[in-house]
Number of protein chains: 2
Amino acid sequence: MRVGELSSLSGVPTPTIKYYLREGLLPPGERTSRNQAHYDDRHLRRLRLIRALLDVGGLSVAVARDVIAALDSPDTGTHKVLGAAQQTVIRTAAYCDDDAREDATAEVLDLVRRQGWKVTADSPSVAATAEVLGALRQLGLHEFVDRLDDYARAADAIAATDLDLVRRRPDADGMAEAVILGNILGDALLVALRRLAQVHHSAELFTDDRAPQADPHG
Amino acid sequence: MRVGELSSLSGVPTPTIKYYLREGLLPPGERTSRNQAHYDDRHLRRLRLIRALLDVGGLSVAVARDVIAALDSPDTGTHKVLGAAQQTVIRTAAYCDDDAREDATAEVLDLVRRQGWKVTADSPSVAATAEVLGALRQLGLHEFVDRLDDYARAADAIAATDLDLVRRRPDADGMAEAVILGNILGDALLVALRRLAQVHHSAELFTDDRAPQADPHG
DNA sequence: CACTTCCGATAGTGGGACTATCTATCATGG
DNA sequence: CCATGATAGATAGTCCCACTATCGGAAGTG
């Protein structure tokens, strides 16, 4: 197909497709002449991936490019792809200072040990977790930090399900995309589910020991 | 204190503080004359909250203003504040089409019933969850949707911990801020913990049935 | 052969989050 | 008491990002 058809099938305007081509998010089509190129359904799938990363995952174009590049690297083993997915954590700008970060890193490594997780100290996830932990500390949310293990247990259950899904999936063509998407959409899903469950627990808590409010948030 | 001191204590440049004042993120200081105003540590706390919402939570200034407005509303009961925290879910732009969304909404309500959650159908969390679910479906990640209950269970455990923290906290001055921050930083924390746990499970899985790779993602 | 579509390049747009400047005050220390 | 410097408020400018518009030349299409 040509770019016009790709545009109408995907719902992405032609100039935007050109922009993604320029930015290296979308691989170029197969050239048939000086000003003609053919695209196939791989381009369509890729385009959908891009939109999901940008719209639902909230990634920037630059980060999306990096994620996609990892996806396209020759050795796309599952483990490697999961490594690429790690990149998608980055939404915590540097917030806490260096001392706090260092303390927090030690604390995360402690947590890792307690949970029996096999993770090396220099993993980017450790840094990401430490960053958030530092922010929590610095803002005085100590109770939160005290319940870190509770949250870690939940995260462990989630990751177990994640990996179970990966394990069951045959190493098909779209597997790498599925892993990335599962992580990014999975994050959004978990946030939504958490709010949902909060509404329930909130209603439960406050209809017991406070004035019964009929309105569970709308 | 005056704005200069507020700036140096918070690390936020003076023009930016003025900008936040203009945008209604920060309440005006107590005027002492035509061109002088005094700020106190409430302003400092608020400023820290703002930066956390923007930097760590990734909220836009507009959304942050809404959240803060809810925080400042006269009846700042815990349940109400949690309602405001719901606002912070919004990062999933409209991605799936209307039909998919409708189906997904029904599916979410089913889930709510299965989990025994007390949530009304018109809660914003339901819509948010449905949006993500629709996106997952539309992208062909059906296995993911099939494990929805697993994720919901984890979310329930998380929310239970969340509410337990709220319950234990005396209704102090900073409680509302803590709830909001706990949600927003908590999201970031859980994403980070999930990645951390994934690294572990990934290592575990692939050192068993594949070529042993020494490198758990860096 | 008229007409549409395409490619590639370049330039422009609009929104968001600041950032700079300017004027008219006011504060303060010598 | 006055020079120096900070401040409030207003307005305008900047920078980045994600597009979007236009254009020239070339190729497909009925």
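Chain identifiers are assigned alphabetically (A, B, ...) following the order of the sequence lines, protein sequences preceding nucleic acid strands; residue numbering begins at 1 within each chain.
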Enquirer: Taking CG from B:Asp55 and C1' from C:dC18, how many angstroms apart are they, rounded to a whole number?
Expert: 13 Å

Enquirer: Could you check which of C:dC18, C:dC7, C:dC26 has an atom nearest any side-chain atom of B:Arg51?
Expert: C:dC18

Enquirer: Using 4.0 Å as the upper bound for N to carboxylate O, is an ion pair formed by B:Asp164 and A:Arg147?
Expert: yes

Enquirer: Checking B:Arg2 against B:Gln36: is there a side-chain donor and acceptor pair closer than 3.5 Å?
Expert: yes

Enquirer: Looking at A:Thr16, I'd like to know whether one of its side-chain N or O atoms comes within less than 4.0 Å of OP1 or OP2 on D:dT20.
Expert: yes

Enquirer: Among side-chain atoms of B:Tyr151 and A:Asp162, is any donor-acceptor pair under 3.5 angstrom?
Expert: yes

Enquirer: Kindly say whether, by distance alone, the side chain of B:Arg2 makes a donor-acceptor pair under 3.5 Å with the base of C:dT28?
Expert: no

Enquirer: Specify the separation, in whole Å, of atom CD1 of A:Ile17 and atom P of D:dA21.
Expert: 14 Å

Enquirer: When you check the phosphate oxygens OP1 and OP2 of C:dC6, does a side-chain N or O of A:Thr14 lie under 4.0 Å from one of them?
Expert: no

Enquirer: Between C:dC18 atom C1' and B:Leu54 atom CG, what is the distance in whole Å?
Expert: 11 Å

Enquirer: Regarding C:dC6, can its base be found pairing with the side chain of A:Asn35 as donor and acceptor, where the two atoms are less than 3.5 Å apart?
Expert: yes

Enquirer: Can you find a side chain N or O atom of A:Arg22 that sits less than 4.0 Å from OP1 or OP2 on D:dA18?
Expert: no

Enquirer: In whole angstrom, give the distance that lies between atom CG of A:Leu59 and atom P of D:dA18.
Expert: 10 Å

Enquirer: Would you kindly compare B:Thr32 and B:Val61 by the position of their nearest DNA chain C nucleotide and give the one closer to the 5′ end?
Expert: B:Val61

Enquirer: Tell me the interatomic distance from B:Arg34, atom CZ, to D:dA10, atom P, rounded to whole angstroms.
Expert: 11 Å

Enquirer: Consider the side chain of B:Gln36, meaning its heavy atoms from C-beta on, and name the nucleotide among C:dT19, C:dC26, C:dC6 that approaches it most closely.
Expert: C:dC26

Enquirer: For B:His200 and A:Asp156, test the side chains for any donor-to-acceptor distance below 3.5 angstrom and give the result as yes or no.
Expert: no

Enquirer: Rounded to whole angstroms, how far apart are OH on A:Tyr20 and P on D:dT20?
Expert: 8 Å

Enquirer: Do you know the tightest heavy-atom contact between A:Leu193 and B:Ala155?
Expert: CB-CB, 3.6 Å

Enquirer: Choose from C:dT19, D:dA8, D:dA18 the nucleotide whose nearest atom is closest to any side-chain atom of A:Ser60.
Expert: D:dA18

Enquirer: Phosphate oxygens OP1/OP2 of D:dA8: is one of them under 4.0 Å from a side-chain N or O of B:Tyr39?
Expert: yes

Enquirer: C:dA17 P sits how many Å from B:Leu47 CG, rounded?
Expert: 16 Å

Enquirer: Can you measure A:Leu53 atom CG to D:dA18 atom P for me and round it to whole angstrom units?
Expert: 13 Å

